[in-house]
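Dumping the structure here so I can ask a few things about it.
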There are 2 protein chains.
Amino acid sequence: MEKIMKKGDLTRQNILSRAVDLASQLGLEGLSIGLLANTLNLSKSGLFAHFQSKEALQIQVLDAGALIFSEMVVRPAIQEPRGEPRIRAIFEKWIQWVQSKSNAGGCLFVAASAELDDRAGPVRDHLVKIQKDWLNTRVRVAMTGVEKGFFRSDLDCEQFAFEEHGIMLAYHHTARLLRDPKAEVRARQAFERLIQASQPPRSV
Amino acid sequence: MEKIMKKGDLTRQNILSRAVDLASQLGLEGLSIGLLANTLNLSKSGLFAHFQSKEALQIQVLDAGALIFSEMVVRPAIQEPRGEPRIRAIFEKWIQWVQSKSNAGGCLFVAASAELDDRAGPVRDHLVKIQKDWLNTRVRVAMTGVEKGFFRSDLDCEQFAFEEHGIMLAYHHTARLLRDPKAEVRARQAFERLIQASQPPRSV
DNA sequence: CAAAAATACGAACGGTCGTACTATTTAGAT
DNA sequence: ATCTAAATAGTACGACCGTTCGTATTTTTG
């Protein structure tokens, strides 16, 4: 049974795929229904009928983006063995995600975070949930790093995830806005320092 | 001679002050001339006459924001003594800047960076210049930290500034989007770890 | 105080925005 | 092949966008 999907669902997926691209460039607010329809050779009203409001579209764009992120970053990392390999895989895939050509406009969530951090409403709430989920995932992975003995037993895993996030944000900024070719090296260096500080004290 | 400023320059300053606020909430693109005029009881065309285009307005908003940042962060930090006090003052004032009530919509430059990182044109170029200036300032301050012996002589000062920036970005995200009350503690902890790693090796 | 220059206003322009309604086309089931 | 329901198109709406222009008002200057 391949055909669970009616035709409408297929075009909706098509729309969302393009919408994720555009939203990463123009932001969730800057993404307009008319423009989105034009780039897909659809009528504005025909496209609009798939969502009942722009707000609903924005929420589905976030979900579609999160799904891609899961497939490109979370899934391949999760199937690495627990401990060091998985921790390093997350960072590696995350870097690749930022560089990914499908992210022509930069990471959708970096853009959306800056855009929505001071707005209220369901779109913001949805973004917060997605971001907290991703944070928690990384906290848990750090915990398995502790269990496997790769990390110190007294490591503050939430602190680890916080600092890891900071490295990625600085990388995003340095690579995408400043276009500094050293950005990736800087990010890796910072990550190695974070790893080292999280490991059991060196036997001297 | 107090009156170098004609009346028009005064209102222009007023406009820019409000515009910086609004832009930090709505972004540089989301900031509209009509709305800006309304909140100031000005006519749209009267306001527009001060700038000849929205693009010019956006550039001046960035400059106005950079000026406020200079006065709230750079200047007080610079007049601290070289070395550790100045380095810590930068971080401290920077944290206060993010919390500052004048930044109701979050840091203008975080918002603008995410918005403009994939656009071309003079507004983006202007933002890049401002951001590079700030980065260079911090690199130079780190260098004086080396000269004063507070930091290791082989410290990579650009790397230091990169990681410092990451901590602030993670703080911004964690405090403003996630509304995590532990954000500030996390940021301080990360900064202490960065400081410690930058200091001369502990005599054991 | 008058002349000149700077500043602000009101109305209007062509566009695009999100959304609502109605029609037309298309697809799937019988 | 026909009927029904889903999917898309068409049209219109009021609101707001950035921008222009002509005019009125205020400020500065001589």
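Each chain gets a letter, A, B and so on, in the order the sequences are listed, and its residues count up from 1. Below, each value reflects all heavy atoms present in this structure, side chains not excepted, and no hydrogens, waters or symmetry copies.
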Could you walk me through whether B:Gln196 and B:Glu192 pass side chain to side chain donor-acceptor pair (under 3.5 Å), step by step?
-> CA-CA 6 Å; B:Gln196 202 156 340; B:Glu192 289 308 321; over 6 Å; no
Do the side-chain N or O atoms of B:His50 get closer than 4.0 angstrom to the phosphate oxygens (OP1, OP2) of C:dA6?
-> no
Winner on side-chain proximity to B:Phe48, out of D:dT8, C:dC9, D:dT19, is D:dT19
B:Leu177 side chain reached by A:Phe109 side chain, heavy atoms, under 4.5 Å = no
Phosphate OP1/OP2 of D:dG18 contacted by B:Lys54 side-chain N/O (<4.0 Å) = yes
Considering only C:dC17, D:dT8, C:dC9, which nucleotide approaches the side chain of A:Leu42 most closely?
-> D:dT8
Pick out which of A:Glu163, A:Glu164, A:Glu158 makes a salt bridge (Lys or Arg N to Asp or Glu O under 4.0 Å) with A:Arg138.
-> A:Glu164
Any ion pair linking A:Asp125 and A:Lys129 (charged N to carboxylate O, less than 4.0 Å)?
-> no
Under a 4.0 Å heavy-atom cutoff, the residues of residues 18-34 of chain A touching DNA chain C are A:Leu31, A:Ser32, A:Ile33, A:Gly34
Between the protein and nucleotides 11-15 of chain D, which nitrogen or oxygen pairs are less than 3.5 angstrom apart?
none

Any B:Thr11 side-chain N or O less than 4.0 Å from OP1/OP2 of C:dA8 = yes
Does a donor on one side chain and an acceptor on the other come within less than 3.5 Å for B:Gln60 and B:His50?
-> no
With sugar-phosphate meaning primed atoms plus P, OP1 and OP2, does B:Ala49 contact a base, only sugar-phosphate, or nothing at under 4.0 Å between heavy atoms?
-> nothing
